[in-house]
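Below: the structure, in structure tokens.
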2 protein chains.
Amino acid sequence: MLQELKKRVLEEYGIQFQDEKYLIEAMTHSSYSNEHKEMNGVYNERIEFLGDAVLELFVSRWLFLHFPKMKEGELSRLRAQIVCEKSFALLAKECRLDQFVLLGKGEEAMGGRQRPALLCDLFEAFVGAIYLDKGFDEVSQFLEKVVASKIQDGKFLLNQDYKTDLQEELQKQGSVKIEYIVNKEIGPSHDKEFYVSVLLEGQVLANGVGRSKKAAEQEAAKIALEQLAKK
Amino acid sequence: MLQELKKRVLEEYGIQFQDEKYLIEAMTHSSYSNEHKEMNGVYNERIEFLGDAVLELFVSRWLFLHFPKMKEGELSRLRAQIVCEKSFALLAKECRLDQFVLLGKGEEAMGGRQRPALLCDLFEAFVGAIYLDKGFDEVSQFLEKVVASKIQDGKFLLNQDYKTDLQEELQKQGSVKIEYIVNKEIGPSHDKEFYVSVLLEGQVLANGVGRSKKAAEQEAAKIALEQLAKK
């Protein structure tokens, strides 16, 4: 089974593991290790601790380089939207790691193979294994393929439809006028940033920045919702 | 002044910056940028955002590799003790970055050059600049020299004297017997882990792990204090 995963990883991402040890560790859930004495207490939480930090740095660098005008507060907010359970659980399934993780009987019976928290940890552990075996440059190339393309599309930033949520919130007391306007666009066509405001009855509620008009609108709606929640 | 810093960094750490741009960014506090229009709004918060993630990964890897038996929870606790304002403010001074940071007049007058939060951000920004100019391997070599040696000594883990604090706490109601015992030592002499328990009147209060007996005792005392605080 591990051979199958190694073959897939080589074919799809061009990664050839030198040492299987870290890959085995990454694919072993604690529930499996508890049931199998021959694992010597090895399971993927330690390597997940490391993979988490690799992802944090990769995403930080990507955002830093791709949003040269964005302030630190906005970079942090964007990073938190990307580095989260929902995104990484999705990536674990895309890399089909859910098919390869070793689970204990109880965890399997409880549907652990589909559990977002487990899948998120699994993706982080997998990234940790590539990093330990190959170093930061090679794991970055892998993440460029599987993570960066999604950030670019705004996929991770649109996990939730904040525009619809905001509309529902504002129209609780009846019909109101909500508009989104683009204030400016910065950068060349392949590398744009959009600055958008959301207005309620002509008054600015909040501003958002994004790689696409849609992403910037979602961001503005999200901030408006946060502000409303504080009132 | 920047030339002097570049010279120092080359002589002491063997780092030759290709591009000064990131170093200037790292050494510029927002208060200076606000007062100097020619900075075009550039200051060190964005690069600090990145340096923070570099330090997180470096320390995570170091702990992962040096404590092969330590569980994820303990690794996280250790990391939080190292990746903190106090440690990085100390390192900023050791690298003499406080002498080179560009501050606005107000910040200077308020003693900003000695402010731990400012110095911590400065060290993170400096690490970010080395990373951007030189990549992860070279910044790791620098951190190996300035950070890792301190973790090894237990310096970052002993910022506070928990043993004394615990003694004071336990002896509030009068004299009691407090003992520290080493339960086991793991690993070769250059790479040991000590497992220590702290006992009150012969009963185990808490356990600690560390690179030295002293560090493990401090760790045990710290955990005992946390448990007492919850009661």
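FYI, side chains are in, hydrogens and waters are out, and symmetry mates aren't considered; it's all heavy atoms of this structure.
- The structure places OG of Ser76(A) at 5.0 Å from CZ of Phe49(B), a figure rounded to the nearest 0.5 Å.
- Heavy atoms closer than 4.5 Å to chain A are found in both the backbone and the side chain of Ile47(B).
- Between chain B and the options Glu45(A), Glu48(A), Arg61(A), heavy-atom pairs under 4.5 Å are most frequent for Arg61(A).
- Ring geometry for Phe136(A) against Tyr131(B) counts as perpendicular: the plane angle is over 60°, on a 0 to 90° scale with 30° as the lower cut.
- Heavy-atom pairs under 4.5 Å with chain A were tallied for Lys71(B), Met70(B), Lys69(B); the largest tally goes to Met70(B).
- Tyr43(A) is not listed as a side-chain neighbour of Glu72(B), based on a closest heavy-atom distance of 4.5 Å or more.
- Nearest heavy-atom pair across Phe64(B) and Arg46(A) is O-NH2, 2.9 Å.
- Side-chain contact check for Leu57(A) versus Glu56(B): every heavy-atom pair is 4.5 Å or farther apart.
- Proximity of Leu65(A) to Leu132(B): side-chain heavy atoms (C-beta onward) are separated by under 4.5 Å at one or more points.
- Atom CG of Leu63(A) and atom CG of Leu50(B) lie 10.0 Å apart (nearest 0.5 Å).
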